[in-house]
**Q** 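Submitted below is the structure of interest, expressed as structure tokens.
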Number of protein chains: 2
Amino acid sequence: MAKLDFGPIADTTRRAEIVALLRRAILTGQLEPGQKLNELRIAEQMRVSRAPLREAMRELVQEGILTSIPYAGTFVIDVTAKDIDDAYSLNKVLDEFAIERTWKLRDQRFFDELDSRHEAVKQATRALDTTRQIETALQLHGLIYEWADNSVLLETWQRLISRLQMYFALHQRARNEPVPAEDVHETYVRLLKGADMRAAQRHAREHIDLDFEELLAYARGLEQRTSKG
Amino acid sequence: MAKLDFGPIADTTRRAEIVALLRRAILTGQLEPGQKLNELRIAEQMRVSRAPLREAMRELVQEGILTSIPYAGTFVIDVTAKDIDDAYSLNKVLDEFAIERTWKLRDQRFFDELDSRHEAVKQATRALDTTRQIETALQLHGLIYEWADNSVLLETWQRLISRLQMYFALHQRARNEPVPAEDVHETYVRLLKGADMRAAQRHAREHIDLDFEELLAYARGLEQRTSKG
DNA sequence: GACAAGCAGATTGTCGACAATCCTACAAGA
DNA sequence: TCTTGTAGGATTGTCGACAATCTGCTTGTC
């Protein structure tokens, strides 16, 4: 008989669902940076009272993707080039640490999961689903954090990807180009399976730098435009 | 005429004050790990309705010092040896990064602030005020994060010190010993003023390791006791 | 026309009450 | 004895309404 492993049951509070809905709207760019969230309107749309909505918004404020000014409102965070720069430079450091911690803990299950997530990225890429592509790519990247066996590190990473996902989504929406067909994660996955930890760490740095430059350029353009307007 | 630099005005929402009150109670150990927070009772004590209290609790949950289970309650997080280990190992990495980023930005104001915070620690030590000593020591340590000019890094650090402060406070309360009179931060401050960045980074690691070992031993003892009971 | 005072209108912050859920104790049945 | 079902009380989750605050406009004065 197969070993059943019941996971925790789904959160059944309205608050949790609101958090999920709002987060998704923000991370996919449906709610744009700087935009104000009108409590009454959103509550009506969701057929929910303002109490759980406000609690949900508090969570997202602490998560770093909303910002709140007393008696003025709650807004989607603005994306500045410096924010992206900050997030990425920290991400590099964390990546190195995560790889180091994960390295000795790699096993067959790790490699299987790595392949599985890699496959998910490729599938989203083939389907030209940019939103899903970003999601899956970040999940692929997040495996080393989940495997590092350090809950604080994992939390930190999860806070970071919220923003990164938002940045990427904005970038993609702005470009509105078909996704590159090549498999940019091939090397990353291969190195994580290999024996040279330093090489994997180095690649993580450089691989990130690649997308990073594009993002930064986009963000700088954004700022110039908005400062003109 | 001196340049006036008006800081932001105080938050005037009840929510913000509740957050401050609760956070302080948790970080000083007045609310013990694992303890349940009864909304009705706390609301009555603070002469406040449950709405702002619940929002405040949501923030602290996201901050990582409370944990919430739907329909069951909100609890102060438990302190396990692994949590401390995780937090500290990440802290080492972040310290190194913060020092690196700060190094080139050091100026006279930095050195002055460093001395000022160092003095605050010494003063709290002389006054035998352990709670304040922990606070000031963490603030001294946090200067490199404030100076690193990386908002994401700073946020991450602030999330970390919430827990560290809680751990330290518990430790101190448990020992209930007079605080060591020697100045353990002397070398740290001197190296941050010096010219050898690597040395400063190395010391940050080792300096932390020192207190860390004590904390870990304490936490392990705690866990054994609770598993027995 | 410029500027300050003051008045709606809209929006956020807070409150008290109700609904949904959980935990405990206890009884009934196998 | 162990399990299962079932009230009862306590606590959390949610709602609708009221209070506090901000914003933009209007009005009046110079």
**Q** Write down the distance between CZ (B:Arg54) and P (C:dT14), rounded to a whole number of angstrom.
**A**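 Checked: the CZ to P distance equals 15 Å.
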**Q** Whole angstroms only, please: what is the CG-C1' distance between A:Leu40 and D:dC15?
**A**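 Checked: the CG to C1' distance equals 13 Å.
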**Q** Output, in order, the C-alpha distance, side-chain angles, deciding distance and verdict of side chain to side chain donor-acceptor pair (under 3.5 Å) for B:Thr130 and B:Gln172.
**A** CA-CA 7 Å; B:Thr130 56; B:Gln172 291 277 25; 5.5 Å; no
**Q** Let me know the distance between CD1 of A:Ile18 and C1' of D:dG13, rounded to the nearest Å.
**A**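 One finds 11 Å between C1' of D:dG13 and CD1 of A:Ile18, rounded.
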**Q** Check this for me: does any side-chain nitrogen of one of B:Arg159 and B:Glu63 sit under 4.0 Å from a carboxylate oxygen of the other?
**A**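 Salt bridge absent between B:Arg159 and B:Glu63.
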**Q** When you check the side-chain N and O atoms of A:Asp112 and A:Gln108, is any donor under 3.5 Å from an acceptor?
**A**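 A pair is found: one side chain offers a donor N or O, the other an acceptor, under 3.5 Å apart.
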**Q** Tell me: CD1 of B:Ile42 to C1' of D:dT12, nearest whole Å?
**A**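 My rounded result for the distance is 13 Å.
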**Q** Got B:Ser49 and B:Arg14 here, is their nearest side-chain heavy-atom distance under 4.5 Å?
**A**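 In short, these two side chains do not touch, never coming nearer than 4.5 Å.
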**Q** Just how far, in rounded Å, is P of D:dC15 from CE of A:Met46?
**A**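 Answer to the nearest Å: 12 Å.
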**Q** Of the options C:dC15, D:dT14, C:dT21, whose atoms approach the side-chain atoms of A:Glu55 most closely?
**A**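 Output: D:dT14.
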**Q** Are B:Ser49 and C:dT14 close enough that a side-chain N or O sits under 4.0 Å from OP1 or OP2?
**A**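 Negative; the distance criterion is not met.
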**Q** With respect to the side chain of B:Arg58, which nucleotide from D:dG13, D:dC15, C:dG13 is positioned closest?
**A**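 Selected nucleotide: D:dG13.
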**Q** With DNA chain D as reference, determine whether A:Tyr71 or A:Arg50 sits nearer its 5' end, using the nearest nucleotide of each.
**A**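 The residue closer to the strand's 5' end, by nearest nucleotide, is A:Arg50.
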**Q** For B:Lys36 and for B:Ala51, locate the closest nucleotide of DNA chain D by heavy-atom distance; then report the residue assigned to the nucleotide nearer the 5' terminus.
**A**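 The 5'-side residue here is B:Lys36.
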**Q** What does B:Leu53 touch in the nucleic acid at a heavy-atom separation under 4.0 angstrom: a base, only the sugar-phosphate, or nothing?
**A**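 No contact.
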**Q** In whole angstrom, give the distance that lies between atom CZ of A:Arg14 and atom P of D:dT12.
**A**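 A:Arg14 atom CZ is separated from D:dT12 atom P by 19 Å.
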**Q** Go through C:dG13, D:dT11, D:dG13 for me and flag the one nearest to the B:Asn38 side chain.
**A**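 Looking only at heavy atoms from C-beta outward on B:Asn38, the closest nucleotide is D:dT11.
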**Q** Below 30° counts as parallel, above 60° as perpendicular, anything between as tilted: where do the rings of A:Trp147 and A:Phe110 land?
**A**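 If you compare the ring of A:Trp147 with that of A:Phe110, the planes turn out perpendicular.
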**Q** Measure CZ/A:Arg41 against C1'/C:dA10 and give the value in whole Å, please.
**A**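 A:Arg41 atom CZ is separated from C:dA10 atom C1' by 12 Å.
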**Q** When the distance from CD of B:Glu44 to C1' of C:dG16 is rounded to whole Å, what number comes out?
**A**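 Result: 12 Å.
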